[in-house]
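For reference, the structure discussed in these notes is given below.
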Amino acid sequence: MFNRQHIRNFGIVAHIDHGKSTLADRLLEHSGAISKRDMREQFLDDMELEREMGITIKANRATIRHTYKGEEHMLNLLDTPGHVDFHYEVSRALAACDGVLLLVDATQGVQAQTVANAYIAVEANAEIILVINKIDLPSAHPEEVALEVEQVLGLSADEAIFTSAKTGEGLDELLAAICERIPAPEGNPDAPLRALVYDAKHDPHRGVVSHIRIVDGVVKKGDKIRMMAAQTDHLVTEVGKFTPKMTAVANMAAGEVGYLFAGIKTLVDVNIGDTITLASNPATDALPGYQAPNQMVFCDFYPGPGTETAALREAMEQLWINDCSFTYEPVTSDALGIGFRCGFLGLLHMKIIQERLERESDVNVVQTAPTVTYQILLNDDTVEQIQSPSEMPDLSKIVEIREPFCRANIIIPAEFIGVVLQMSLERRGEHVKTEYLSTTRVMITFNFPLGEIIYDFYDRLKSFTKGYGTVDYEVTGFSGGDLVKLDVLVNNVLVDALSVIVHRDKAQFRGRRLVSRLRKEINRHMFEIPIQAAIGAKIIARETIKAFRKNVTAKCYGGDITRKRKLLEKQKAGKRRMKNIGNVEIPQEAFMSILDPGD
Amino acid sequence: MASKHGLYVHLPFCETKCGYCDFYSVPLMDRPTSDLVSAAIVELKSRLNKGGSIRTVFVGGGTPTVLPIEDFRRFFKALGEGLQGHCLEEFTVEANPATVDAEKMGFMVDSGTDRVSMGAQSWHAGELATLERLHTAADIEPGVSIARAAGIRRINLDLIFGIPGQTEASWGESLRQTIDLGVDHISCYGLTYEPGTRMTAAKNAGRLMSCDEDFELGLYRQAIATLAEHGYEQYEISNFARKGQQSQHNLIYWRQEPYIGVGPSAAGYVEGLRYKNVADIGTYVRWMGERGEAMLDGERVTGADRAGEFLLMGLRLVEGVDLDRVSRSCGLDVLGVLAERIDRMADLGFVRLEGSNLSVTAAGREVADGVISELYSALDGRCEQTVSLPVLQVPRSGD
């Protein structure tokens with residue numbers, strides 16, 4: 001058994017693009033864990049999509065042997081996801097760590113996710129080592145950035161370590177700091193087993209592999225284990241370490257980090273944050289902090305052109321086996337047919353899932369506008385959760401509609417305060433505080449209705465702040481609001497997929513914009529088409545698509561037949577891509593048009 | 001070839017190319033025409049030799065009457081000889097009011113021509129200039145007189161409405177002048193901006209303002225009313241005729257009956273095969289010389305596609321389409337497949353179903369493309385699809 005005093009469990013957290021994966025690569029390379037020849041850029045980001053999008057979606061890991069002051073140390077690196085949507089996953093990964101490298105780009109300074117991640121690390125009670133990276137770049141100003149961090153997060157600028165993951169500068173110093181400053185894991189190898197599941201992956205041949213941190217006790221092959229939250233028992237078939245390839249070991253004891261196979265077939269049977277104990281000698285208390293995955297953003301996926309519902313279902317099942325962080329269930333829309341209502345951790349998560357679906361299964365997905373969960377207080381004092389405007393109960397039964405709120409930290413250059421404040425207030429943001437990080441940069445904190453920022457807040461912020469603004473949010477709870485369901489009628493037929501829940505003050509504006517947008521999306525027909533926005537029975541906006549007055553080919557003789565038929569074939573194919581509602585052909589783009597908040 | 005066929009011959013020469021025209025034609029200039037005429041005669045003889053009988057002929061283009069006199073004579077002589085023994089109901093030649101003369105008209109009549117179709121287009125000088133027509137309003141009446149003097153009784157004049165700058169008054173004047181000539185057939189075409197034409201380019205560049213849709217519709221209705229008043233009955237979207245004077249040849253197209261096509265870019269429909277000749281004079285001449293045919297591609301149209309053709313052509317006719325006939329011809333229950341859409345469009349007042357006969361109403365004709373598209377798209381792959389024949393390589397044009 002490895003001397004626990006020489007084990008260091010740590011993670012790296014950073015804002016997107018601040019160089020986390022590169023630093024992880026260099027640490028592995030520097031310690032000789034993998035040879036330079038095997039080194040693939042960003043070794044730890046092993047999903048194609050992650051590499052392409054330049055982000056890490058799932059936490060990855062490696063165990064590094066490093067000799068410091070003549071003693072061999074076991075450095076267990078947990079690479080954590082960096083985006084707001086994966087807040088909970090980050091928090092579990094950091095709960096498995098005793099220390100955290102807080103990585104900040106020396107050219108960009110503190111960003112919203114730097115702050116968010118640092119808070120999670122503090123909550124997890126981990127020792128934080130401030131690392132200012134990319135010091136090789138000409139525009140780097142590491143000292144100022146260190147002061148900024150000190151100002152916002154109270155971490156001493158003097159203890160910051162300056163590195164360049166690219167050139168390797170500062171890496172020895174960093175490895176020394178890891179050994180010096182991060183405490184050795186506590187825990188009692190003789191106590192009943194308690195292991196934190198901080199991640200899980202699906203292996204097509206071997207089932208689920210759980211990534212675990214042993215807090216107390218020992219686990220070995222042949223043990224019968226119990227998932228404390230799920231209350232299921234399994235037989236351990238293998239335990240091992242990431243080097244970074246999976247390598248079996250005889251056992252793992254308190255303080256160690258590694259993986260475990262236990263004949264578990266699907267990811268849904270393993271909950272991240274759950275505690276593993278022994279069935280024969282169970283621990284009395286589970287480790288703290290477990291939460292069931294909480295999907296906050298919902299939208300429907302329908303089969304797109306050339307895709308059958310069955311193919312989409314199969315694709316969803318396949319993906320879900322690999323990543324059960326999203327939920328899906330069949331849903332039927334009058335307008336779009338049979339599809340799936342999907343729940344996501346956030347917007348980026350939704351985008352990733354959609355792209356993975358299309359990429360990995362070659363299906364075409366039509367996605368409806370994302371919405372959030374609403375709680376409806378009914379007049380019989382019960383609360384109903386709805387995830388789509390179409391599930392809204394009858395108005396006469398509703399006492400109150402509650403929407404989810406979040407607290408968002410927005411970090412921007414000071415010159416953009418005005419525009420960002422305005423944008424935030426327009427989205428019903430409630431200003432909490434404004435803090436100066438330095439003379440030029442500020443952090444503004446707002447409470448927002450989640451529904452107001454899920455769609456495009458981030459993109460807008462980026463464009464309003466010339467790319468400098470960053471935001472991170474955390475869902476805080478539900479609160480009542482004056483919300484109404486806004487319906488759209490095309491040719492006097494209600495189109496369920498176009499309904500939205502909006503604040504009453506914004507209903508008129510949204511309604512008008514919706515109908516004018518739809519008027520542009522829908523082609524003229526042979527008859528006049530009214531497009532209306534309504535709250536209940538009250539029409540609040542209307543536009544009309546005029547009928548074709550004259551639409552006829554003047555000349556059509558012998559030589560034109562084939563040409564004309566091919567044109568009609570094309571029109572037929574075009575019509576097939578549309579949904580016919582109330583005899584009106586609505587292009588699929590129209591269903592996305594409700595997303596556009598417009599100006 | 002047991003059934004009776006139409007014969008279309010395409011002579012692809014024009015004095016100059018009109019700004020709106022997208023047919024295959026080339027300006028004559030000093031181009032030699034004799035090779036093309038010889039090749040067309042070869043194709044004509046070869047196709048006529050395959051047996052069967054011809055009942056209508058239409059010689060179009062281009063402007064057949066621009067051919068130099070010697071080639072013109074040679075061509076019509078060969079055509080007349082080739083048609084000996086066929087029982088013709090109608091023999092039409094397209095002519096330009098500015099290029100007909102008594103001599104050419106004589107050759108035409110000698111070959112059997114009994115009908116002339118002339119592109120009058122407009123009686124308004126400004127409108128003719130906009131269309132880039134070569135003739136003037138003053139040429140129209142003499143052109144008709146030359147034909148009549150040669151013994152041609154049946155005459156069609158083409159008119160165009162929706163020309164930029166056109167007014168109700170100028171359109172009314174063109175209609176009146178045409179009617180006054182006492183011709184038995186008038187075609188009124190709404191100006192169409194075909195891709196790749198000079199007028200379309202001018203419109204896209206903002207140099208030309210196309211007509212307002214409502215205004216153009218008004219002109220169309222004006223034509224229908226004026227012509228009806230003077231005994232011209234509408235029998236197709238753009239065609240009006242005195243009693244019994246409908247174009248028998250064009251009815252063949254709209255009724256899905258067989259026809260032979262001869263000449264560059266000509267299309268034919270023979271024994272269920274649709275074919276199209278190469279649209280290039282040099283290639284046409286060479287292929288006729290080397291292979292004895294100039295077919296570029298062809299397809300056998302069957303099933304739902306065939307039904308679609310019946311609809312797209314037949315519904316242009318006021319008489320409509322007999323869906324039972326379509327069903328028998330395509331092996332598809334067309335009435336069953338279309339029932340729901342027909343109901344819907346009958347409710348909108350666009351179509352009428354009487355027994356098994358489906359026709360488009362006057363209101364429906366104004367938006368006929370939409371009506372046809374709506375019906376067409378309901379014909380789904382419920383039966384075998386059209387088989388395309390191997391497409392020949394298109395050689396680069398040599399001329």
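Per chain, numbering begins at 1; letters A, B, ... match sequence-line order.
With A/Arg356 contributing its side chain and A/Ser361 its backbone, the two residues share no donor-acceptor pair below 3.5 Å.
When heavy atoms are compared at a cutoff of 4.5 Å, B/Tyr220 approaches chain A solely by way of its side chain, counted from C-beta outward. Residue contact with chain B, scored on non-hydrogen atoms closer than 4.5 Å, involves the side chain of A/Phe527 exclusively. Only the side chain of B/Leu348 comes within less than 4.5 Å of a heavy atom in chain A; its backbone stays farther off. Contacts of B/Phe58 with chain A are absent, with no heavy-atom separation under 4.5 Å from either backbone or side chain. At a 4.5 Å heavy-atom cutoff, B/Glu257 makes no contact with chain A through either its backbone or its side chain. Contact annotation for B/Thr192: only side-chain heavy atoms (C-beta onward) come within less than 4.5 Å of a heavy atom of chain A.
Between B/Phe161 and B/Tyr189, the ring centre distance reaches or exceeds 6.0 Å. Within the 6.0 Å centre-distance limit, the rings of B/His185 and B/Tyr235 are counted as a close aromatic pair.
Comparing B/His249, B/Met313, B/Glu213 by how many heavy-atom pairs each has under 4.5 Å with chain A, the most go to B/Glu213.
The aromatic rings of A/Phe344 and A/Phe326 lie parallel to each other, with less than 30° between the two planes, well short of the 60° mark.
By the 4.0 Å N-to-carboxylate-O rule, B/Arg221 lies close enough to B/Glu366 to be salt-bridged with it.
A cation-pi arrangement is present between B/Arg47 and B/Tyr275 under the rule of less than 6.0 angstrom and at most 45 degrees off the ring axis.
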